[in-house]
Novice: 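After the structure tokens below, expect a handful of questions from me.
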Amino acid sequence: GFEEVNRVEWIFARIVDAGAAGILPTEIFEASQKAGLSMHPNYPYVATKKLLERGRNVKVGKRYQALEKEASSEEKAS
């Protein structure tokens, strides 16, 4: 639903913010707790994997880096 899409986008924004240093799913979870966003501790792993499948991020070691800075190109094309 909408909320899940929102969470994936929120997580993607954290990956973008992390820049070249990348971010760990555990760090994403910690950030969600600080932001008062409720999510399961495993959810960042699920979301980063979804983003990986969509070609929006890349995994470097255990860390994730964004491949694009904003909404996906399909959304802009439509």
Side-chain angles (χ1 to χ4, degrees):
F2 178 69
E3 193 163 320
E4 189 178 345
V5 169
N6 244 5
R7 276 191 196 157
V8 172
E9 289 306 315
W10 186 88
I11 285 170
F12 183 68
R14 302 290 72 74
I15 301 170
V16 171
D17 290 346
I23 194 166
L24 293 165
T26 50
E27 292 170 340
I28 294 169
F29 181 71
E30 284 162 19
S32 77
Q33 298 305 101
K34 283 179 194 156
L37 198 68
S38 67
M39 66 174 68
H40 192 278
N42 281 344
Y43 188 71
Y45 292 91
V46 174
T48 47
K49 200 171 171 220
K50 270 185 193 173
L51 289 162
L52 202 60
E53 284 163 5
R54 293 176 195 162
R56 295 186 66 188
N57 64 4
V58 63
K59 196 172 180 183
V60 182
K62 290 182 179 177
R63 305 179 80 81
Y64 287 89
Q65 294 173 340
L67 285 177
E68 49 170 304
K69 298 285 178 259
E70 69 258 18
S72 67
S73 49
E74 302 101 84
E75 285 163 27
K76 283 186 199 154
S78 60

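Quick caveat: nothing in here was measured; it's all calculated off a predicted structure.
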Novice: Would you find a donor on one side and an acceptor on the other, under 3.5 Å apart, between the side chain of R56 and the backbone of K50?
Specialist: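 Looks like no, no N/O pair under 3.5 Å.
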Novice: Side-chain heavy atoms nearer than 4.5 Å, only ILVMFWY residues, links allowed to pass through others: does that put Y45 and W10 together?
Specialist: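 Hydrophobic grouping puts Y45 apart from W10.
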Novice: Please list all pairs passing the side chain to side chain donor-acceptor pair (under 3.5 Å) test where one or both residues lie in residues 15-37, with sequence neighbours left out.
Specialist: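 Side chain to side chain donor-acceptor pair (under 3.5 Å) check on residues 15-37 returns R14-D17, E27-R63.
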Novice: For the residue pair T48 and P25, what are the closest heavy atoms and their distance?
Specialist: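 Looking at all heavy atoms of both residues, the closest pair is OG1-CG, 4.3 Å.
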Novice: I need the I11 CD1 to M39 CE distance, nearest 0.5 Å.
Specialist: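 Between I11 CD1 and M39 CE, I get 4.0 Å after rounding to 0.5 Å.
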Novice: Do V8 and V16 share a hydrophobic cluster, counting only Ile, Leu, Val, Met, Phe, Trp and Tyr and linking them when any side-chain heavy atoms are less than 4.5 Å apart?
Specialist: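 Cluster IDs for V8 and V16 match.
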Novice: What's the separation between atom CZ in F29 and atom CG in L37, rounded to the nearest 0.5 Å?
Specialist: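 Going from the CZ atom of F29 to the CG atom of L37 covers 10.0 Å.
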Novice: Taking all non-hydrogen atoms of both residues, which atom of N57 and which atom of L67 are closest, and how far apart?
Specialist: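 Looking at all heavy atoms of both residues, the closest pair is O-CD1, 3.6 Å.
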Novice: Linking I/L/V/M/F/W/Y whenever their side-chain heavy atoms sit closer than 4.5 Å, directly or via other members, would L52 and I28 fall into one cluster?
Specialist: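 Yes, it is one cluster - the side chains of L52 and I28 are joined through contacts under 4.5 Å.
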Novice: Closest heavy-atom contact between V60 and Q65?
Specialist: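 Result for this residue pair: CG2-OE1, 3.4 Å.
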Novice: Provide the closest heavy-atom pair for A18 versus I23 in the form atom of the first, atom of the second, distance.
Specialist: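 Heavy atoms of A18 and I23 come nearest at CB-CB, 3.7 Å.
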